[in-house]
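Have a look at the structure below, then the notes.
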Amino acid sequence: MLNALGLLKQRRFLPLFATQFLGAFNDNLFKTSMVLFATYAIFTDPHSEFYFNCAATGAAILPFVFLSALSGQLADSHDKARIIRIVKTVEIGIMLVGAAGLLIAKAGYTTAGLSLMLGTVLALGVHSTFFGPIKYAILPQHLEPEDILGGTGLVEAGTYLAILLGTVAAGWISIEAAAIGVLVVAVIGWFIGRQVPPAPREGPPLKLNYNPFTASWRLISATLHIRRLFLAIIAISFFWTIGAVLIIIFPPLVKNVLTADKEVASLAIAIFSIGVAIGSVVINTMLKGEISARYSPMSVIAMGAFVVLFSFLCRNWTPAAGGGLYSWQAFLAEPRAIGILATLLAIATTGGMFVVPLYAFLTTTVEKDQTARTVAANNIVNCFAMTIGSVLAFAISAAGVSSSDMLFVVAGMCLVSAWLALLLHRACGEVDVEPVQNRNV
């Protein structure tokens with residue numbers, strides 16, 4: 001990874017890295033501002049907070065299900081840099097609506113404000129659907145083979161560092177500042193996105209299928225018949241299902257179990273982001289540039305163990321006196337606080353170690369002219385799995401299961417991910433994986 005840092009000096013990588021960094025920062029700044037504002041300033045009971053988080057998660061996921069096939073086809077059949085410029089232009093308009101939603105909700109018009117904010121989350125999901133395949137698929141086109149794993153690790157680490165900064169900012173600035181900030185960052189991202197070098201179509205011309213249902217089905221069936229890709233995609237999907245459940249339960253857990261204010265929630269999510277970035281660096285160092293899943297099973301098993309530990313620590317937490325909320329200073333002064341934050345860091349670090357090699361695997365297993373569609377197929381399956389996870393979390397919460405108990409469900413899902421990663425490791429046979437020819441869709 002230290003060698004990979006040299007890529008940040010090169011125009012073939014730096015503008016892409018900066019564009020995705022700012023996009024992730026802005027996306028998270030808005031979403032976290034919205035969720036924290038709704039959790040702490042609008043809703044007054046855990047179930048309403050939980051259901052709103054479910055709605056926000058669903059709105060973010062839905063575009064991936066219906067538009068990923070089209071986004072993958074467009075990325076493989078057109079200049080990826082041109083698509084980036086279009087997407088970043090649209091982001092400015094999306095953030096105008098989002099900023100209006102934040103300000104309207106703050107003014108007391110909660111129904112209209114929440115509607116605009118959820119609409120913005122849906123639009124940001126569309127934005128991410130079209131940008132997501134590009135940020136991974138463009139790497140094999142711009143980087144040498146020996147730099148792909150390092151570049152993927154930098155993109156993943158950069159994404160989570162951006163989430164870190166966006167989360168911290170959302171927890172500490174006012175709603176008015178957040179509304180202005182998302183617009184400013186969107187404009188900066190537009191300027192930087194225009195510096196990404198051209199990445200024209202490679203391979204034969206591709207006939208586009210605009211029907212979201214048939215296109216998605218054909219894309220998935222044309223990808224999942226390859227056993228190595230099937231196992232990698234399913235393993236990644238379980239990971240992001242785990243992530244979806246954690247995202248849904250986390251803000252209510254911090255408020256109602258740890259009895260802490262929104263600055264603590266922001267701090268905890270930030271630590272999670274730092275952990276994933278650390279995991280990205282650690283696994284890249286351990287693998288020394290080799291694309292392999294050999295450490296993934298043990299990484300996600302360790303993640304499950306830390307999730308169980310985190311649940312027990314939450315159960316033994318001493319609530320704030322008098323029904324109040326801990327400030328961040330009071331929270332950190334509690335004897336068990338450091339243990340909770342350290343365990344959260346460990347969960348995220350082992351999660352990063354699990355998922356980064358799998359994303360690098362996706363972009364190097366097929367030919368370069370099919371990488372975007374492969375990532376898009378992965379996104380579709382991921383979102384189906386995340387939707388199932390969100391519905392499961394919703395149903396379990398409706399049945400009266402607490403957030404602390406729901407963490408045991410997450411730990412069980414980690415075991416399934418470990419089993420899938422082990423199957424992938426065995427399927428690869430620990431030999432160099434040559435790109436396979438996928439079917440056209």
Side-chain angles (χ1 to χ4, degrees), residues 16 19-20 22-24 26-27 58-94 120-142 152 155-156 159 186 189-190 193 196 198-224 229 232-233 236-237 240 359 362-363 365-387 438-441:
L16 173 69
T19 301
Q20 66 84 30
L22 289 173
N26 217 23
D27 184 272
I61 292 173
L62 195 61
F64 285 92
V65 176
F66 293 101
L67 297 175
S68 286
L70 177 60
S71 70
Q73 293 177 81
L74 288 173
D76 277 338
S77 60
H78 293 76
D79 188 333
K80 298 175 183 63
R82 183 170 180 268
I83 296 176
I84 289 175
R85 292 193 291 272
I86 294 172
V87 167
K88 300 311 290 183
T89 301
V90 172
E91 183 185 353
I92 296 175
I94 294 172
T120 300
V121 172
L122 181 67
L124 286 173
V126 175
H127 170 277
S128 298
T129 300
F130 282 92
F131 185 77
I134 292 175
K135 73 176 183 179
Y136 291 110
I138 204 172
L139 295 179
Q141 201 166 347
H142 281 172
T152 303
V155 168
E156 201 71 9
T159 297
W190 180 84
V196 176
R201 171 183 60 82
E202 296 187 341
L206 179 65
K207 182 179 179 180
L208 299 183
N209 183 348
Y210 293 97
N211 185 313
F213 300 101
T214 59
S216 297
W217 174 252
R218 291 175 183 174
L219 180 63
I220 293 172
S221 62
T223 302
L224 296 188
L229 281 180
I233 288 173
I236 292 172
S237 296
W240 287 119
Y359 271 107
L362 285 182
T363 61
T365 301
V366 297
E367 299 295 337
K368 290 181 180 180
D369 65 316
Q370 297 169 349
T371 51
R373 278 169 289 168
T374 300
V375 175
N378 170 70
N379 288 343
I380 294 173
V381 178
N382 288 177
C383 290
F384 274 121
M386 291 169 69
T387 301
N438 203 344
R439 302 176 193 167
N440 281 329
V441 294

(request) Search all heavy atoms of Leu122 against all heavy atoms of Pro63 and return the closest pair with its distance. (result) O-CG, 3.4 Å
(message) Please report the interatomic distance CD1(Ile84) to CD(Gln20), rounded to the nearest 0.5 Å.
(response) 10.0 Å
(request) Mind listing the closest non-hydrogen atom pair of Ile83 and Leu74 along with its distance? (result) CD1-O, 3.5 Å
(message) Looking at every heavy atom in both Ala81 and Val196, which two are closest together, and how far apart are they?
(response) CB-O, 3.7 Å
(message) Looking at Asn382 and Asn378, would you say the former's side chain and the latter's main chain have a donor-acceptor pair under 3.5 Å?
(response) yes
(request) Rounded to the nearest 0.5 Å, what's the gap from CG on Leu67 to CG on Leu62? Could you check? (result) 8.5 Å
(message) Using 0.5 Å steps for rounding, measure from the OG1 atom of Thr129 to the CG atom of Leu70.
(response) 10.0 Å
(message) So which atom in Phe64 and which in Gly125 form the shortest heavy-atom distance, rounded to 0.1 Å?
(response) CE1-O, 3.9 Å
(message) Looking at every non-hydrogen atom in both residues, tell me the closest pair between Val381 and Ser237 and how far apart they are.
(response) CG1-OG, 3.3 Å
(request) Would you name the heavy atoms of Arg85 and Gly193 that are closest together and state the gap between them? (result) CG-O, 4.0 Å
(request) With rounding to the nearest 0.5 Å, note down the distance linking CZ in Phe131 to CG in Leu16. (result) 5.5 Å
